[in-house]
Structures are given as structure tokens and as C-alpha cells.
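Labels below follow one simple rule: chain letters A, B, ... track the order of the sequence lines, proteins then strands, and each chain is numbered from 1. Computed from a predicted structure; not experimentally measured. The figures here come from the full heavy-atom set of this structure, side chains too, leaving out hydrogens, waters and symmetry mates.
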Amino acid sequence: MSAPAGSPHPAASTRIPPKLGGAAVSGAAAGPGPAPHQQNGPAQNQMQVPPGYGLHPQNYNVPSGHYSQGPGKTTSLPLDSQSGGYYSGVYTIPTQNVVTPNTANQQSGAQQIYGRGPPAPHIVGSTPGYFQGAASSSSHLHTSASQPYSSFVNHYNSPAMYSANSPAVSQGFPSTCGHYAVSTVSNAAYPSVSYPSLPAGDPYGQQMFTSQNASTIRSVRENSFSGQNTAVSHPSPLPPPPSQQYHQQLSLSGYSPLSWSASGLPSTQDNLIRNHSGSLATANNNPNAVAESSSCPVMQTVQPPESSPVVSTVVSGASSARAPPTANHLVETVASVTQPSELLQQKGMQYGDYVNNQASSAPTPLSSTSDDEEEEEDEEAGVDSSSTTSSASPMPNSYDALEGGSYPDMLSSSASSPAPDPAPESDPAPAPVPAVPQPSKTTKPFGYGYPTLQPGYQNAAAPLSSGVQPSSPVYSGFQPYAQYPGMNQLSSSFGGLSLQSSAQPESLRPVNLTQERNILPMTPVWAPVPNLNLDLKKLNCSPDSFRCTLTNIPQSQVLLNKAKLPLGLLLHPFRDLTQLPVITSNTIVRCRSCRTYINPFVSFIDQRRWKCNLCYRVNDVPEEFMYNPLTRSYGEPHKRPEVQNSTVEFIASSDYMLRPPQPAVYLFVLDVSHNAVEAGYLTILCQSLSENLDKLPGDSRTRIGFVTFDSTIHFYNLQEGLSQPQMLIVSDIDDVFLPTPDSLLVNLYESKELIKDLLNALPNMFINTRETHSALGPALQAAFKLMSPTGGRVSVFQTQLPSLGAGLLQSREDPNQRSSTKVVQHLGPATDFYKKLALDCSGQQTAVDLFLLSSQYSDLASLACMSKYSAGCIYYYPSFHYTHNPSQAEKLQKDLKRYLTRKIGFEAVMRIRCTKGLSMHTFHGNFFVRSTDLLSLANINPDAGFAVQLSIEESLTDTSLVCFQTALLYTSSKGERRIRVHTLCLPVVSSLADVYAGVDVQAAICLLANMAVDRSISSSLSDARDALVNAVVDSLSAYGSTVLNVQHSALIAPTSLKLFPLYVLALLKQKAFRTGTSTRLDDRVYAMCQIKCQPLVHLMKMIHPNLYRIDRLTDEGAIHVNDRVVPQPPLQKLSAEKLTREGAFLMDCGSAFYIWVGKSCDNNFIEDVLGYPNFASIPQKMAHLPELDTLSSERARSFVTWLRDSRPLSPILHVVKDESPAKTEFFQHLIEDRTEAAFSYYEFLLHIQQQICK
Amino acid sequence: MEAVVFVFSLLDCCALIFLSVYFIITLSDLECDYINARSCCSKLNKWVIPELIGHTVVTVLMLVSLHWFIFLLNLPVATWNVYRFIMVPSGNMGVFDPTEIHNRGQLKSHMKEAMIKLGFHLLCFFMYLYSMILALIND
């Protein structure tokens, strides 16, 4: 099975010979196989062989006949006979396509089948990935058919979607995948055309198999044949083990739609219509495929030119260019097609080892690469794939077993947070959005000179449509072939470009914002998938950890400036992952010049050398790296987990330590002044702490200490052996000293009893205090002294303005200015004391976390500095009181639980590297920037997010991919030094249209929000607001004038940016930036702090809450999480027009949930879910959903719980009755509506339009 | 008397030139990651006030000694120095703030500013030298 990686190599060395050889092999293999298939196979082989072209038509005809009959039989066969439910699902799909292409109804039927498909794989169970694959494939179908929703369901059902990504190397699959896609496409296209000759795809697929697998796997092939007949060249040939790979590929194919989907609403009808109307277009596509193989003129003549390689590249480009007009399906198909080829290439690259150039060559050569080379590569890929598959098949299994599969893990983790999971899946559904509307303009940017070919295509297409069957079959047969090489070429030469071009249609589809009434999609918006080839896409970092505002990086700063979009990264590096590959090795392989960690995007020049993807230096592969511990094989450096996963964690050696790893040290600094005792937080804290004492992350060295302060500072001696805690009071706050330096921080386990005693005593110890002053500054100095020998975490609980000693603050807020529309002052710190202290702490590896529980102004702007620069976190509980404000108390309790038990990393540094030519210039988050790209993080916690702004310093013309790598070096609570590395790879584009097509609007908004916070502190709030509006105005006007090239009076945005104005308006109405509405200064500052340090997912909810209608929850589209059914109601836009008095709505604001109950809400709902007989009896303050034993209650609760589980801090639930005073809280989040001080969404659009026209 | 004024100015100018060079070296050290932001800024902030005083003194001296041209030449730079010093936000640790120096290209702008000042002081140096020689000859 394990064909030597080297095998492909020789083929690569000689261009033409390899092809021939490959063909021959395929033919030989085909011979033994089942008759029909074999026939096809040979024909294909001939196809490949240049001389054989003349024959093609005939051969194809034959296959066509087979096919027409075949599908039904074949389908049944594969299902039953073939091992594995996996295939069954997959197969059914293809067959359906083949059979039913013409009628929509049939397709729908097919979809149903799909629905079933997934379960079958389940039964098989061995590989979760299958589900995904099935689902994805189904999604494809769906798009063509017309049931986006159903597809959704499927997706949800299969949590494994991501698993598709599974790191396992998919060698043989890619080709199959590609086939699959092709076949489906052709089918879809044909039906509309009324072509009977669907089989075309099949023969191709066979070829693929023959060439690839034939030599290696025979028995398998037989199965495959049956499968092939179905039309999907699918992997059927592949043995069960490869199935994983197969899944991957499928998933990939699924992905392609994603990329398109950007955010379109899937209207099934549209799709159908398109199919019909666009039949010509589709037909054209087929021709395109043909064209790919041969030049256009040839196409017309119907004879394929032999010069296929060169032509193919061109054609591919053409096809891509064409894509826009054609239906989405087509686009998808193109994408999928290209992808497979890419896969092949990459395989060649990564797996083939030798292919080496792959990475470098693929990206760089662009169109310039000679066709021949490309073809060769393709061939190699094919060969490789066969060989690799054999070798690979064992890989995945073992791999999964050992590591648990990095990707799946990742995904699963994401699953826990609901949003990420569905994302990829959901995308496909939107993808179907009609490409038809897109103007031909969009195609232009992509031209690359290919468009010229189009006419030829059309000609070819026309005859096809006319219904010349004989010729058509030929075409069909030919197509796949043609496409295949074309695809390869694309992948090799263009890298991600081809995909982009195809993607463009959707993400660039112009949207008239003022006309589009429902701009907000019904489902959550997911991150766009970069237009990379499938293999890279599969390996790429999860968007949950690493996102870029532009998924297509512009080639130069000039281009970036033209686009007027912010370029930056959003990071969530220490996110909770359920599993990730942890690598222990003596040598961590890094680039010798830029110190980049080896990652999936490097290229192996040969087995002994690899080329850094950031600085392009060629490095040696160390001896140890040659051995792969997962497969226990030697000489496969490209299969090491480091190279198979874009998120890995290394156990670092002592080279990565400046000192022995520190123990976990926790110090609690507690305000015990009268104000604090009155608020009563001590009870909650002490209770929570004693409950979680055993769960504090740490090892046997864990140390803990307590300091309390009012106007004096109290230390607690907890040294083992004492009968009770000893309190030491230091009243000299001007010159703080430690009374007994050794016994204040004590070992948690040795002194546990004393600690528990103290925690029990603390709440009552100060109950009669009359001290109102707070000497926070000196207490912090004392804490710093206490912590500086070790470093660790200081948790400060403060309830008022510090009023004594160093760092004392005055009240700066003027309550009359709270709703001022002009100047908001005092957003910055009043003193540099806290900043200095934070920097001192940071230097001693100590982070300060601030819990501010105050009822009055406490100058958070100044206090926050202690956490901002020491990499701490900030929690603010306005008007906290343990009895008067029970919901805050509960929130504190839950937050503390999370805070105390979550993962923590000590003495961390994070370095972000990017490809030469890019540079980082501004960082956002809580940390101290120690040097240009080194962030010093005394502590790192899983809830911290970061943002980085980028600029392009050198033109990126000589590269087609850029990579970003964050390396987070930290000491785990167990005293291990670890490095977590994330690597993100993105394509580089040269046209403005591509840049717009790749905008990740959510990332862009989050980055803008960060920039606006900086701006409002350094300049003024109104400046920041203007800058936000200008960001929209500039980008939309730049888009209108450069990409559309038409002076529209209408406000046009590309689909990728259609939510941009809405989000900016939401930002302007956010607490941090709003004016005119009464906002307390601390609230505003806290919102700013959150913007700075929240990861993207949570920040987006804060900016733009999600609104759901929950009085009619159904199980339609529900997902299953942990054996619970979680309904998925559609998103509503944030406007009062959506609120009906008959309904109840849930608003998810990130840190709070509001359930708004309409006045005439159905009594059944009130009774079943809220537990009250009617509207009038609902209390004003209600913060819980009662556990009622009714279906609707169960649904509502599982939905709320599901939402709640997705975030680190537990949100408070408010039940808001219509007409209760609390409803203003709820209504202020309806950002599409007008308020006294701010625009409605429509007005805002008009305002923007006005600005653009100026 | 005039000679004394220019001799003093010349010495002062030399000091300012050295200070500018020191700024440039320290900033480029930071750029190259030889020192960290904290120490860089604390080093530089120490010298912001001496620089401010040194330059203001010369400027005032020129005004007092009625050298209008040189005074006017010095005025913008002196004003900028004072402005920069006054405009430091209350929460910052000085003109050079370690937490912000790596953000928004501040490092580059500081560097540029130091370079411009160096050039300006060199120009002034030769002007004072020339004036001094002229004054000495006249005496």
C-alpha cells in the first residue's frame, strides 16, 4: 500500500513520459475491471494520451449509453455491496444527479436520499468524517435542487462536518473528488439543456481511477467501477481506510460552495430558474471543460487538441471568468473542479515530497508556468495520489487514533460553541444564491486574458444545446478530461485564483442596499473561506482562532489603499480546544533566519530540505524530523503532525525558558472598606473560591495568598502549622513593606485548611467596619512585591474610587454630560500610576485582573490600565449588590466559576510573524508590546482576543500566498513550557474586485471597532465616530467607482460587504461609541475595554445582537448537542417592526439575554415556558426560565442553554414585558430603528449615499 | 558680548546635536529589538526636558540679543518641543510611552522627528559657528 513517495517523483522529472506512463497504467488497470467501466476507463486513457484524442468521441459515446442505463443499477450496487455506508450516501448522490438532472422534482428526491445518506455513514461509525462528506455533497446537490433548508438540517445533524477537514492526508481522493464535482456539474448542466449524455463525467472519473488507483488497488477498483457508473467518480475505488480521505474531499467539495456563499440567501427557486434559464450557460460550462483540455477553436470542431496542457490553463481561466453568468452550480462545479486539481498538486507537493515546487511553484508561477509542466504535475499528482493513497490509507487511521485528529478536534471544540460548527455547513446553503443576477462586469476583473476564449465556448455550447446527442456525449466525455488537466493547471499555476474567480460571482454580487429590505441573513454569518485550493483550505487554521479582515490579500499597499478597507488579523490564540495535536520532540523545527515554526504551508524541496513560507529561506530537515512517530515510519517529513496541522502545540525544551517554569500563583487583593462590605461581594467570592479551590489550575506547587485593604493593608499569614490564619496589618501605606515575605503566599495543598478557614471567616471579619477609604494603590504595590519573585495572577476586587495613597483618583465624571452629543472626556487614564504598575508587573510576569463592582463612578478608565498592560482581564459589575441586584450577584458567581477554573498560561509571550513584505504596525488587546512583534503576556487566558493591523510594505507580486503565524509560548499551570502555533494561509490577489470579494466583514468591523477605541482615547469620540462612518463611505464609494465602474445614484455594495453599513451603524449605537443617549462613563469605558480584548465571536454579539422569535420554536432545522435537541429559529433583524405583540423574542447581546414578551402573546407560551397563567402575572424582574415539563419550555430552555454554553461568561437573562420600564434596555439594542439621537438604518444608508455623492 | 552669545549657543547646539544622535541611536536600538520599549522610553523621557530647556534657552537668548532671523528660525522647533511636552496625555508616562511606541507607527515618527532635529541642529551649528567667527573678527 505504502507506495514510496518517490514514485511520483520520476514522473515529475520527465514531463511527457509521465503522462504516457500514467495512461498506460490506467489502461492496464482498467482491463481487468468490470466491463462497462473498463471500457470507459480505456477511453479515458486514450483521452489522456495525446495521440488518442481522435478516438475519444467514439469511446465516449459508448460510455454514454452505459451511463444512461447504468445509474440505477450502479447505485443499488454500490450501496449494498460496497463496504461502508459511507459510499452509499455518496453514491446515491451522484446517481441522482445522473438520473434526475432534468427535473427538479427528481432532484428533490435525490436530496431526500441525501438526507438519509448521512445516517448510513453513522452506522458505519468508523469515520465521522463521512457524515460531513455526505452532508457537503448533499449541500451541493441541494444547491442545484432547491432545498437549502434540508441541507442545513443535514449539516447540523452531522457535527462531523469539520472532521472532513481531518488532517489525514487525502491522496487519492482529491482526484475523485474533483471528478465527483465535475460529474455532478455536468449533470446539472445537462439536464437543463436536456442532454441525455450525462455520463461524460463518469468516464473521466474512471480515468482518474485507472490512472491513480489502477495499478495499486484492483479489488477496490471493481467496487469503484460500480460506483463510477453512478457518475461520481468517487473514490469508490478507494478502500475503506481511504474513506477518511474521501470524506475530506467531500467536505472540501462542500467547502467550495462555502467560499461562494459568502452570505447570499439561498433561494431555491432562483436556482432552479437559473438552471433553466441558464441552461445555455451551463451548457457553456461543459464546453468550457472541453475547452480547457483543448483550445476553443478545437472545441468547435469537436476534436480536442492535443496541446491540452497549455490550453487547459487558459481554459480554466476562461471557465472561471465565465462562471459568474452561469448558475451557482456551475460556479461550484468549477470550484470543485479546480480544487481537485489543486489537491492533486498539493499532494504531489506535500505527499509527493519531491514535487517540492508545489507550494512555491504553484503560487508563484501563476499563469506563466508552462502548460507542460502543469500537466506533468497533474499526472504526477495522479500517480502520487494512487501511490499515496495506498500509503496514506493506513495513515489516517493510525493518526486519528493517536492524535484524535487535530482538525476534527478543533471542530468539535467549536461545536461546543455553537456558532462555529454550523458555520461551514450553513454556508453551502447560502451559497446557492443565484449567480445569475451578477452582471458580466464582475467577470472582467478576472479575465486574466481568458475571456477571449469565451466566444468559442459559446459556439460549442450552442450546438450542444441544440441537442446533437452524438456530439454531446463526446463532449461530456471529453469534458471531464479536459477539466481535469485544466484544473490541475489552475491549481498549480494559480493557487487560489481560480477559485476566487469562481467565487467572485457570489461575494461580489452587487447589492443595492437601499432596495434590499432584509439585508440580514436568516442564519448566523460565518467567516468566509479563503480561496485556496482544497488541500490548503483543509489545512488552514480555523477561523475561530485566526481571521483576517481580507481573505484575499491585496498585492500592494497601493491596491489596499484603493480598496479603503482595513487590513488586519483577529486572533483568539488560546481558545479552548477539546483536542489539539501536542508534539513532543527534542528539536522543534524552525526556520533558521526568521524562526518560523514549521507548518503545513512550507514546501519540501526534497526530503532533506524545506523552504520557509515566510522568508523563503531553505532550511535543513533535522534527522529527528524524518521519523514520523504517528506512522512509525521514516523518511516522511511531510506527514509529521506539524506539517499536517495548522494548529499545534509543542512541548518546549529548556531552550525556551529563561528560568524554571513558574508554579501557578494566585493572589487575591480584596477591597474590604465599608462600601465593599455593604455590596456583599465577599460572601460570593469566598464561597465560590472555596468551592473551586480544588479546581484551580495548577500542580502541587500551586500557591495562593490573600491581601485585603481599606485604608490600611492586611496580609494573612497562612503558613502551614498555624492553628488559624494570622492577620498582619500594615498601616504605612506610603511605604509598603511585606511583614513576613515567606509566609504570605502559601502552598495551596499544604495550607488548605487554613485557607478554608480564612475564606469562611473573611465575609464576616469586616462586617462592622467604618472605614470608607480605599488604598488601592499601595495594596497593588504590596501585591507586586509579593508576586515579583514568581509571577502569577493577581485578582483585584475593587468597589469604589481609590482614595488614599499612591494612585488615588478623583471623580471626573460630570453626570450632566452623560448624554452629551459633543465631547466625551476622560476616556483616557487620569494618572500613569496604574500603567507603570502594570508594566512593572508585566516585567515580573504578573498579570492583574480587575473586578470592579461599584455602584458609582470609579474611573474605570484609569483603573483598567492595571489590567490592560499586564495582560489581565477586566470585569465590571455596575451597581452590584448582593441582595438588591441578584442578577448581578448571580452573574458574578458564574463568572467567578469560569474565571477560577478556566485554563491559564503563565509567563507567556506571543509573537506574530507574517510573510516578508507584510508588517504589523498596531496591536489591540491586553498586553505589553515589548518589541516590534513580541507581545508580552504575563498571563494568557482562553477568553482573550487580540487584533493586529497590517500594512503591506513591499509588493507581494512574486508570491501568490501569504502566511501568518502566531506562536504563543507559555507555561501551563502544570509547569510545562508549551508553544501553541497557529498558521493561517491566504491568497494574494492583484485586482480590486478580488479584494472586495474576499472581505470578511465581521473581522473588518471588529478591527474597525478596535481602531475606533484607540481613536476615541487618543483623539476624541466624535473623531472616532466620523472615522467609522468614513470607513463605510470610503469603501463603498471606492467599490462603486473602481469595481462597478458605473456612477450609480444607488448605494451598491458587493455581497461580501452588504452588512458593513449595518454593522457600522450598530457600532455607532454601541455603548462605547454612542452619543446623545445617556451613558455612564464607566459603562462606556468598559464597553471599550471589551472591544479591545474580546475575541471576535463574542464581540460580534456585543456589536450586533441576535434576535430570535421564540414563542414558536419548532424542531425544524434543529441540531443535536449532547443528546439535546436545540431548535434553530431564524435570525430576525433588529427592528421593532419584527416585534409583534403576539410573539416573544429572545435577544442575545453577548453579555445579556433579553426575552421580550409581547402584550398579547399567546397564553400557552406564557404558561408553558414562563410558568405564569397570563401576561399580566409575569413579574417585572424575572431572570430565569422555570423548568417546566412541557415541550415548548424544553425547547426554549435548551435553546437558551445552548446559546449560553457558547460563551465564557454567563449572560444574565432578563424577561422584559412589553410596557415595562425595562423595555428601554431591550429597545436600545434594536439598532435598525431610529432613536432621538441616531439614524435608523435606512436613514443611515441615505446619509452614506449622500456622502458618497459629494 | 555677541561672541559670548554665540559661543554659548554653539556649545548648547553641540549638546543638542549629541542629544539628537542619542535619541536616534536609542530609537533604532528599539527598532532592532536590542532594548525593550520600557527601558528605551525611560531613557529617552529623561532627556526630553533637558532638550526642551536647552533649545528654549538658545531661542530666548537670540530674542534677547535681537538676532531676529535666528530667533525666527528656532521658534517653530522650540514651539513644537513645548507643544509636544504639554500635549502628553495625563495617563502617559512621558513623550515616549512604552505602551504606545510600537503602535500606529509612533516609533517611525519619533525617529523621523529626531532626524529632522539633528539636521536642524547641524544647520544651526554652522550658523552659530559662522556668526561666532564673524563676531570675533568684528571684535
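From A:Arg930, atom CZ reaches atom NE2 of B:His102 across 10.5 Å, with rounding to the nearest 0.5 Å. Separation of atoms CG (B:Asp33) and CG (A:Asp933) is listed at 7.0 Å; rounding is to 0.5 Å. Taking CZ of B:Arg38 as the reference point, atom NZ of A:Lys836 lies at 8.0 Å (rounded to 0.5 Å).
Few gaps surround NZ on A:Lys785; more than 12 heavy atoms of other groups in view lie less than 6.0 Å from it. Annotation: A:Arg592, atom CZ; neighbour count of heavy atoms from other residues, nucleotides and ligands within 6.0 Å does not exceed 12.
The candidate from B:Leu30, B:Asn103, B:Ile101, B:Ile35 with the greatest count of non-hydrogen atom pairs under 4.5 Å with chain A is B:Asn103. Of the listed residues (A:Asp1014, A:Thr831, A:Leu839, A:Val929), the one with the most heavy-atom contacts under 4.5 Å to chain B is A:Leu839.
Remark: B:Glu113 pairs with B:Trp80, B:Arg84, B:Lys117 by the side chain to side chain donor-acceptor pair (under 3.5 Å) rule, at least two apart or across chains.
Residue B:Gln106 does not touch chain A at all, counting heavy-atom pairs closer than 4.5 Å. In this structure, the portion of A:Phe928 lying under 4.5 Å from any heavy atom of chain B is its side chain and not its backbone.
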Which side-chain N or O atoms in residues 88-98 of chain B pair as donor and acceptor under 3.5 Å with protein atoms at least two apart or in another chain?
residue : atom : partner  : partner atom : Å
B:Ser90 : OG   : A:Pro829 : O            : 2.8
B:Asn92 : OD1  : A:Lys835 : NZ           : 3.0
B:Asp97 : OD1  : A:Lys835 : NZ           : 3.2
B:Asp97 : OD1  : B:Thr99  : N            : 2.9
B:Asp97 : OD1  : B:Thr99  : OG1          : 2.3
B:Asp97 : OD2  : A:Lys835 : NZ           : 2.9
B:Asp97 : OD2  : B:Met93  : N            : 2.9

